[in-house]
Structure formats: C-alpha cells, structure tokens
Amino acid sequence: MKYSTKVSDAVHILAFIQLNPTGSLSSDSIAESIRTNPGCVRQLMSALRRAGLLSSVKGRPSPSLAKAPSAITLLDIYKAVEGDKPLLHLDTHTNPECGVGIYIQLSLRDYFDQVQRTAEDEMQRITLKDILDGYQEKAFRSGRKAF
C-alpha cells in the first residue's frame with residue numbers, strides 16, 4: 001500500500017522557494033532537494049498555482065509565494081494537492097455477505113469523518129510561517145547551515 005507524500009512535498013516546495021529566493025528555483029533544482037523528478041515538482045507547483053498559493057511565469061524559473069507564509073495554512077496546501085481526498089479510507093472490498101464486512105465499514109465511517117474534521121481544524125491553525133519557524137529553530141539547534 002503506497003501512501004501520498006504530496007502535502008509534504010508541496011510544503012517542501014513552498015519552503016524551498018521562500019528560503020532560497022536568490023538561488024536556482026527551477027523544477028530541476030527543487031526536485032533534487034526533494035529527491036523526486038522535475039515532472040512531479042511541476043505538477044505540484046501547478047496545483048499550488050491553481051490554489052492561489054504560488055505565483056510563477058511560464059518559462060521563467062522564478063516562482064514566488066502568492067501570499068505571506070502566515071496566510072498559507074497547512075489545510076490550504078492539503079486541499080491544493082489532495083483536493084477532497086480523505087486522510088483515512090474505508091475498505092470498500094469487504095464481503096457484502098458478512099455482517100461484519102458491511103456494518104463495520106458503516107460504523108467506521110462516522111469515526112473517520114470525525115477524525116477528518118479534527119485534522120482539518122488543526123491544519124487550519126498551522127501556517128507555513130509556523131513550519132518555517134520550526135525549520136529555522138531545528139537548523140539553528142543542529143548548528144548546520146540551513147541555506
């Protein structure tokens with residue numbers, strides 16, 4: 001079972017752009033930092049642009065944040081790259097002849113919906129600025145050059 005790293009990679013892209021304004025901001029450079037391919041970076045950047053979180057000009061490797069980091073929430077980023085995809089997924093392939101197979105999924109749905117609402121409420125409180133501040137703190141504590 002593969003899990004999505006789109007949100008993590010999208011945050012990485014936004015942080016890379018914010019923290020490295022004078023360096024190379026090509027999809028190749030960003031992809032090297034994430035250890036993925038440039039096509040994946042371009043897809044994520046396109047989703048971030050459509051959501052109004054990123055500004056860029058086609059053909060020029062000079063993207064920038066469309067909003068201040070304090071105005072971009074983790075929920076904004078999640079919605080931009082995952083849409084309405086839930087965090088938790090029900091197994092839709094259980095045996096319909098089995099009472100457990102049918103009713104456990106119906107019971108779980110209510111709890112999964114509750115978890116989703118709680119997670120989204122918390123993600124709405126976390127900003128890109130919070131994440132960048134945490135990055136700076138961890139980089140400072142490590143004694144390593146952050147950028």
Side-chain angles (χ1 to χ4, degrees), residues 1-94 96 101 104-147:
M1 182 182 301
K2 186 164 169 50
Y3 53 88
S4 175
T5 59
K6 287 181 183 180
V7 174
S8 175
D9 290 347
V11 170
H12 188 132
I13 289 167
L14 294 171
F16 191 92
I17 290 167
Q18 181 67 18
L19 295 167
N20 192 28
T22 60
S24 174
L25 297 177
S26 69
S27 56
D28 288 332
S29 297
I30 297 169
E32 185 177 320
S33 178
I34 298 173
R35 289 198 171 168
T36 191
N37 66 66
C40 178
V41 168
R42 285 189 291 273
Q43 285 179 339
L44 289 171
M45 289 176 74
S46 178
L48 293 167
R49 265 192 312 278
R50 283 192 305 274
L53 305 178
L54 190 63
S55 296
S56 66
V57 176
K58 191 172 179 101
R60 295 182 59 209
S62 57
S64 60
L65 301 186
K67 299 177 179 183
S70 60
I72 299 173
T73 69
L74 192 54
L75 183 61
D76 294 333
I77 299 166
Y78 172 79
K79 293 287 187 182
V81 298
E82 294 288 3
D84 291 325
K85 188 177 187 182
L87 294 168
L88 301 172
H89 305 275
L90 295 172
D91 183 352
T92 59
H93 302 292
T94 57
I104 197 67
Q105 300 305 318
L106 294 173
S107 178
L108 270 175
R109 182 181 326 156
D110 295 336
Y111 294 104
F112 282 13
D113 289 347
Q114 179 182 343
V115 168
Q116 185 77 30
R117 283 189 304 274
T118 302
E120 287 186 12
D121 287 347
E122 189 61 27
M123 290 190 313
Q124 184 65 38
R125 290 191 229 357
I126 300 167
T127 67
L128 181 59
K129 182 181 182 326
D130 297 328
I131 296 166
L132 292 170
D133 289 348
Y135 160 86
Q136 295 288 359
E137 181 183 325
K138 290 179 186 331
F140 176 76
R141 277 197 210 154
S142 76
R144 294 180 66 191
K145 182 180 178 231
F147 241 110

Here the pair of heavy atoms bringing Phe112 nearest to His89 is CE2-O, 3.7 Å
For Thr118 and Gln114, indicate whether the former's side chain and the latter's backbone hold a donor-acceptor pair under 3.5 Å.
yes
Original post:
Would a 4.5 Å heavy-atom cut-off, applied to side chains only, mark Leu128 and Leu65 as touching?
Top reply: yes
- Message: With no hydrogens and no angle check, just 3.5 Å: does a side-chain donor-acceptor pair link Arg49 and Ser56?
- Response: yes
To the nearest 0.5 Å, atom CD1 of Ile13 lies from atom NZ of Lys6 at 11.5 Å
Contacts satisfying salt bridge (Lys or Arg N to Asp or Glu O under 4.0 Å) that involve residues 61-83 (not counting sequence neighbours) are Lys79-Asp84, Lys79-Glu120, Glu82-Lys85
Mark yes or no for whether Gln18, through its side chain, and Pro69, through its backbone, hold a donor-acceptor pair below 3.5 Å. no
task = Measure the shortest side-chain to side-chain distance between Arg109 and Asp113 over non-hydrogen atoms and say whether it is less than 4.5 angstrom.
result = yes
Value for CD (Glu137) from OG (Ser142), rounded to nearest 0.5 Å, stands at 11.0 Å
* Asked: Heavy-atom distance under 4.5 Å between the side chains of Ile17 and Ile30, does that happen here?
  -> yes
Is the count of non-hydrogen atoms from other residues, nucleotides or ligands lying under 6.0 Å from His93 atom NE2 greater than 12? no
Quick check: does any side chain N or O of Ser8 sit under 3.5 Å from a backbone N or O of Thr5, one acting as donor and the other as acceptor? no
Does Gly101 offer a backbone N or O that forms a donor-acceptor pair with the side chain of Thr94 under 3.5 Å? yes
Practice prompt. List the steps and the verdict of side chain to side chain contact (heavy atoms under 4.5 Å, CB included) for Phe16 and Ile34.
Written response: CA-CA 10 Å; Phe16 191 92; Ile34 298 173; over 6 Å; no
Closest heavy-atom pair, Ala10 versus Ile77, reported as atoms and distance to 0.1 Å, is CB-CG2, 3.6 Å
**Arg42 and Ser46 side chains, donor-acceptor separation under 3.5 Å** = no
- Polar side-chain atom of Gln116 near backbone of Leu87 as donor-acceptor pair, under 3.5 Å: yes
What one should report as the nearest heavy-atom pair of Pro86 and Tyr78 is C-OH, 3.7 Å
- Task: Taking the side chain as every heavy atom from C-beta outward, state whether Thr73 and Ile126 have any pair of such atoms under 4.5 Å apart.
- Result: no
In this structure, CD of Gln43 is separated from OG of Ser27 (nearest 0.5 Å) by 11.0 Å
Closest non-hydrogen contact found for Asp28 with Pro38 is OD1-CG, 2.9 Å
Whether Arg125 side chain and Asp121 backbone form a donor-acceptor pair below 3.5 Å
yes
Smallest heavy-atom separation, Ser24 atom then Ser29 atom, equals OG-OG, 2.7 Å
Between Ala80 and Leu53 the two heavy atoms that sit nearest each other are CB-CD1, 4.1 Å
Worksheet item: Can any side-chain N or O of Asp130 pair as donor or acceptor with the backbone N or O of Thr127 at less than 3.5 Å?
Response: yes
Open item on the list: Quick one, Glu122 with Leu75, criterion side chain to side chain contact (heavy atoms under 4.5 Å, CB included). Give me CA distance, side-chain angles, the key distance, then yes/no.
Closed with: CA-CA 8 Å; Glu122 189 61 27; Leu75 183 61; over 6 Å; no
